[in-house]
Each structure stands twice: as structure tokens, then as C-alpha cells.
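Here the structure is laid out as C-alpha cells; the discussion comes afterwards.
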Amino acid sequence: MTILDNSAEKQAAPSGAGHTAAPKPPASNSFLDGFFQITKRGSTLAREFRGGLVTFFTMAYIVILNPLILGGFSADNAPTDVAGGWLSAAQVGAVTGLTAGVMTIVFGLVANLPFGLAAGLGINSFLAVAVIQEVTWPEAMGLVVINGILIVVFGATGARTAIFKAVPKELKAAITVGIGLFIAFIGFVDSGFVRPTKGGPPVQLGTDGSITSIPTLVFIIGLLVMGILVARRIQGGLLIGIVATTVLAAVAEAVFHIGPGTADNPGGWHLNVPVLAGQLVSVPDLSLVGQFDLFGSFARIGGLAATMLVFTLVFTNFFDAMGTMTGLAKSAGVAHKDGTFPKLKSAFIVEGMGAVVGGGTSGSSNTVYIDSAAGIGEGARTGLASVVTGVLFLGSMFFTPLTSVVPLEVAAAALVVVGAMMMAQIREIKFSKFSIALPAFLTIVTMPLSYSIANGIGVGFISFAVISAASGRARKVHPLMWVVTAGFIIYFARGPINALMGV
């Protein structure tokens, strides 16, 4: 296996991140070491456990956020489907932890990569806002299952791998850089460091150009603490920063009684308040498992309309995950020179199964999370870290109050630090060649500006194919790139196409 040269990142990464000149750990004959190839990848048991912990802490918000998007505590505060049906927030929270735990463990064992899986935010929002306006919740989840089956087929037949290999290495590097900017932007938005304006520029610093809230100040302190620890190459720098900043957030809440962010309290915590309240242990309600209708949507809205919904789900799921795994593999230093990585086909198949299982449990499609980059930045290099993350997700079903102690502002700080690490891949792009520079640039900037990895990939693919052909280098465009480019054109024009078809 050829490891990418990460020398440019040595000063940015923590000593456990695999981007440093730290000596390789001594060989070990333990079962875990042999099964996960821990020593071979230059890692240690401690780094893997630490990385798994950090990934969980940066992803744990999904156990709280997914129920807020998909469900509610009554029909009055929950997204209701076309028949007036709704999902219980408590039940959604339980299946969110269950599915994320099972799929992350399976991914770690099968693909041996330090990637965490959980309900994808793009797809769950699409379901809650658009799909259930036409079908019921069980029928919507049936569409998610069909989407997952198709992705598994693409992975098993090698079609997904072939498309992956057809992408030029410069665009793969641009995807990594774009994801770095994307997760940093997510961190800035989630922390309140960047906010929308009223009638002015799309975004601004804080509120009216200044930092006015304590949660945002906690984010800034956390960002600086983590940055200092990483710069000084402190083992466990991100984890130490997360724990320390969470304690600071809890103290700030206890002293100032900040409360949750609302229209009346814009300076509150973005999602969860850092307090330990209520019962520590509760029995999860898994009643939603199996509550899906595989083909009901086709009968309700017709084959064409249902097919267009599946097309949207597949395209979003397919390329969002492909881009995320590209960036994470490069960040972990396990990618080959052509951008592929070990057990690529297995990773694609298991990721597709995440959509099948997510739809089957009514928790929405599960996919690889870019937040896994935080665990990679902490030193995770193998699937053992994913197993640790998955076990913690299973535990989160029983310890929801503990999960909610870490505020989103703290996780956001870790994402910004990791986003800075991922920027190092920009050195792989030859900006002196404008036929490469423009598609790479468009890929990078479209991801954060459109809040979508898939959109960035699509814009990059289309521009690369068109510019290459128009400048006399059409033979440099792989035939599969043309097929995917045509698919992206349909994807971006699906609104007008639906209108013309009367869907």
C-alpha cells in the first residue's frame, strides 16, 4: 500500500494524527493489532480508542438533532405526512442511536476504516420538508430502502468503484479541500460565529458584525485551546480540548443561565444546553424498527413521481458519501496515489447498507460522516476507532442526558480545526493549468456555499468535462465521467424536469 506524503501537514496535525514524524510504534502480535492492522498503519490502541471517542463526541449531536428534524412529541410540533401521520421524537432518537451504532461497528469490522456512520442530514431534511408532503412516513422510508438497495448494487457490481477511479486525482484532492472548508463553515455556523444577515450580505460575523453571545465565546476559546494543543503536538489534543471546553460551557451555563437558543433568546446554545438533567438511564423504544412500506409510494403518487424521488435520494447519497470517503481516506493517510483506499468496494457496499437499514428503522439513510475527520485528526487510522464510536452510539440509546452534555459549539470548534488540517491537500492541485484550476476551484467553493458535498462534486465534474472537451482534451475525460456528468445535469435540472412532466 502506498501512503500519500503528508509532510506538508506535519506542523498542523497532532502527534496522533499520522501526519507527524513520530516514530512508528513497535510491532505487536495481539489479535486486535493483527485484525485491524493497527501497527501496519502506524497507529496504536490508545490512538484508536481516543480517535473513536473524539468521533463520537463530534457526531453525538445527531442523536438529538435527528429526532428534532424527523419527529416531535405530538402531531402539533412534528412534521406530519400526507395522511397526518408523525414520528415520535423519543422513538426516532432510539433508532438513530441503534442504527448509527450497528452500521458504524459493521463498517469498522468490514471496511477497517475510521469512519463513523449516522443519519444523513441532507436526506433527513429532504424527507421531512418535501417527501412527506406527497407520501406517508412509512412510504418515505420505503423509498430510502430502495435507494439503499440500488447503492448496494452499484457497490457490489463495481460500478461505484469504476466511477470513483474515473475521477481525476486533482478533482479528488479538490473534494478533500472542499470538505475541509465545508466542515469549517458548518462549525462557524453551528457556533454562531457566522450568522445570516437581514437584507444584507448572506452571512456576517456574529450578530451585526460582533461576537455577542457566551456560547460563541466558548466556541472561540475551544478553537484556540484545541489549536494550541494540536500545534504543540500534544497527544489527545482534540479530546482534551473537547472535554475542557465542555466543562467551561457547563460552568458558563450554571453561572449565567443562558438556556437554549430561540427567537426570543438568540444568544442561547445552538442545540443542546450543557447541563446534566433528568434520568441518566432510560430504556429505548424501538417500535419504529420495520415500520416501512417498500412500494406504497408508487401506488400513491405513481411510478414516475416515485422514481424521481428515488433518483434524487440516490444521487445525493451516492456522491455525498463518495466525496466524504475520498476526503477522509486522504486525511487518514490510507489513500493510494490514485485516491483509492483499502477495501474500497467493501466500504461502498456497507455504506449503501446504511441507507437500507436506516430506512428500515425509520431513522433515515445512514451515511459516512465528515465529522469522522475529528477522530482521524486525533490519530484514528483503522476500523477499531469505528467500533469504539459504534459502541458509544449504542450506549447513547440508554444515556441520552450524558450525550447531550457536550454542546454543539464545542463540537464545532473541533470541526474547524480539522477543516484546517484537510486544507493541506490543496498542494495536489496544479493551479497553473486553468483547465484543472477552475473545476477544482468550483468544487471547493460550491460545497460550503451550497451546503452540499454532492453539489460541489457535480459542479466540478460538469466544468471539468466541458472545459476539457472545448479545449481539445476530450480524450482526457473518462467515458464514465461523461455518463456521470449527464446524470448531474439531470440532477441539477430536476425541478424544471418535474414541472414539465407534471410530477
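Because only heavy atoms are used, hydrogens play no part in the values below, and waters and symmetry mates are left out as well, while side chains stay in. Throughout, numbering of the chain's residues begins at 1 and tracks the sequence.
- Of the possible polar contacts, none joining the Thr446 side chain to the Thr443 backbone as a donor-acceptor pair under 3.5 Å is found.
- Nearest heavy-atom pair across Pro342 and Val334 is CD-O, 3.1 Å.
- Taken to the nearest 0.5 Å, the CG atom of Asn317 stands 3.5 Å off from the CD1 atom of Ile151.
- A donor-acceptor distance shorter than 3.5 angstrom exists from the side chain of Trp137 to the backbone of Pro79, with no hydrogens or angles considered.
- With respect to Glu253, the side chain to side chain contact (heavy atoms under 4.5 Å, CB included) criterion is satisfied by exactly one of Val218, Ile214, Val273: Val273.
- Of the possible donor and acceptor atoms, one in the side chain of Arg47 sits under 3.5 Å from a partner among the backbone N and O of Gly42.
- Scored by the side chain to side chain contact (heavy atoms under 4.5 Å, CB included) test, Ile349 finds Val152, Ala156, Lys345 as partners (sequence neighbours excluded).
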Using residues 412-421 as the side-chain source, report each donor-acceptor pair under 3.5 Å to any protein atom, sequence neighbours left out, with the distance given to one decimal.
none

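- The ring-ring contact (aromatic ring centres under 6.0 Å, His included) contacts involving residues 223-246 comprise nothing, where partners must be two or more places apart or lie in separate chains.
- Sorted by first then second residue, the side-chain hydrogen bond (donor to acceptor under 3.5 Å, both in side chains) pairs that include residues 170-185, not counting sequence neighbours, number zero.
- The shortest heavy-atom contact between Ala119 and Ile62 is O-CD1, 3.6 Å.
- Remark: side-chain polar atoms of Thr245 are paired, donor with acceptor, to backbone N or O of Gly241 under 3.5 angstrom.
- Distance CG/Leu392 to OG1/Thr104: 10.5 Å, rounded to 0.5 Å.
- One finds the OG1 atom of Thr216 at 11.0 Å from the CD1 atom of Ile221 (value rounded to the nearest 0.5 Å).
- Inter-residue side-chain proximity for Ile457 and Val167 is flagged as unmet; no heavy-atom pair is nearer than 4.5 Å.
- Applying the ring-ring contact (aromatic ring centres under 6.0 Å, His included) definition to pairs two or more places apart or across chains, those involving residues 201-221 are Phe193-Phe219.
- The line from CG of Leu384 to CD1 of Ile38 is 5.0 Å long, rounded to the nearest 0.5 Å.
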- Task: Given side-chain contact (heavy atoms from CB on, under 4.5 Å), test Leu181 with Phe185 step by step and report yes or no.
- Result: CA-CA 6 Å; Leu181 283 180; Phe185 188 54; over 6 Å; no
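- Taking Val243 as the reference, Leu239 meet the side chain to side chain contact (heavy atoms under 4.5 Å, CB included) condition, with sequence neighbours excluded.
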Under 3.5 Å, which donor-acceptor pairs do the side chains of residues 318-329 form with other protein atoms, sequence neighbours left out?
| unit_1 | atom_1 | unit_2 | atom_2 | d |
| --- | --- | --- | --- | --- |
| Thr324 | OG1 | Asp320 | O | 2.8 |
| Thr326 | OG1 | Met322 | O | 2.8 |

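- Atom CZ of Phe188 has more than 12 neighbouring heavy atoms from other residues, nucleotides or ligands inside a 6.0 Å radius.
- Considering all non-hydrogen atoms of both residues, Ala78 and Gly71 come closest at CB-C, 3.7 Å.
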- Apply side-chain contact (heavy atoms from CB on, under 4.5 Å) to Met59 and Ser396, showing your working. CA-CA 11 Å; Met59 288 179 63; Ser396 71; over 6 Å; no
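- Here OG1 of Thr389 is found 10.0 Å from CZ of Phe57. Values are rounded to the nearest 0.5 Å.
- Judged as a side chain to side chain contact (heavy atoms under 4.5 Å, CB included), and not counting sequence neighbours, the contacts of Val131 are Phe126, Leu127, Val135, Ala140, Leu143, Leu309.
- In this structure, Asn112 contributes its side chain and Thr382 its backbone to no donor-acceptor pair below 3.5 Å.
- Residue Pro215 comes nearest to Gly267 through the heavy atom pair CD-O, 3.3 Å, listed as atom of the first residue, atom of the second, then distance.
- Inter-residue side-chain proximity for Val63 and Met397 is flagged as unmet; no heavy-atom pair is nearer than 4.5 Å.
- If you check the side chains of Asp33 and Thr39, you find a donor sitting under 3.5 Å from an acceptor.
- In this structure, the side chains of Thr207 and Arg195 come closer than 4.5 Å at one or more pairs of heavy atoms.
- The two residues Gly268 and Ile258 make their nearest non-hydrogen contact at CA-CG2, 3.7 Å.
- When only modelled atom types and interatomic distance are considered, Ser287 and Asp285 share a side-chain donor-acceptor pair under 3.5 Å.
- Residues meeting the side chain to side chain donor-acceptor pair (under 3.5 Å) test with Thr99, sequence neighbours left out: Thr361.
- At least one donor-acceptor pair closer than 3.5 Å links the side chain of Glu409 to the backbone N or O of His270.
- Residues Ile220 and Leu223 fail the side-chain proximity criterion, which asks for heavy atoms closer than 4.5 Å.
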- Worked check of side-chain contact (heavy atoms from CB on, under 4.5 Å) between Arg50 and Val388: CA-CA 9 Å; Arg50 226 171 32 233; Val388 172; over 6 Å; no
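- Scanning both residues, Phe164 and Phe348, for their nearest heavy atoms gives CD1-CZ, 3.8 Å.
- Under the side-chain hydrogen bond (donor to acceptor under 3.5 Å, both in side chains) criterion, the residue pairs touching residues 366-376 are Tyr61-Asp371, Glu351-Thr367, with sequence neighbours excluded.
- Side-chain contact check for Leu394 versus Ile105: some heavy-atom pair is nearer than 4.5 Å.
- Looking only at side-chain heavy atoms (C-beta outward), Met226 and Ile242 come within less than 4.5 Å of each other.
- Put simply, NZ on Lys169 and NE2 on His336 are 15.0 Å apart, with the number rounded to the nearest 0.5 Å.
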- Task: Test side-chain contact (heavy atoms from CB on, under 4.5 Å) on Val357 and Val102 and set out the steps.
- Result: CA-CA 9 Å; Val357 177; Val102 170; 5.7 Å; no
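- Listed by first and then second residue, the ring-ring contact (aromatic ring centres under 6.0 Å, His included) pairs involving residues 33-55 are Phe31-Phe35 (not counting sequence neighbours).
- Applying the side chain to side chain contact (heavy atoms under 4.5 Å, CB included) test to Asp208 and every residue at least two apart in sequence or in another chain returns Gln204.
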- Message: side-chain hydrogen bond (donor to acceptor under 3.5 Å, both in side chains), that's the test. Do Asn124 and Ser364 meet it? Break it down for me.
- Response: CA-CA 6 Å; Asn124 63 6; Ser364 185; 5.2 Å; no
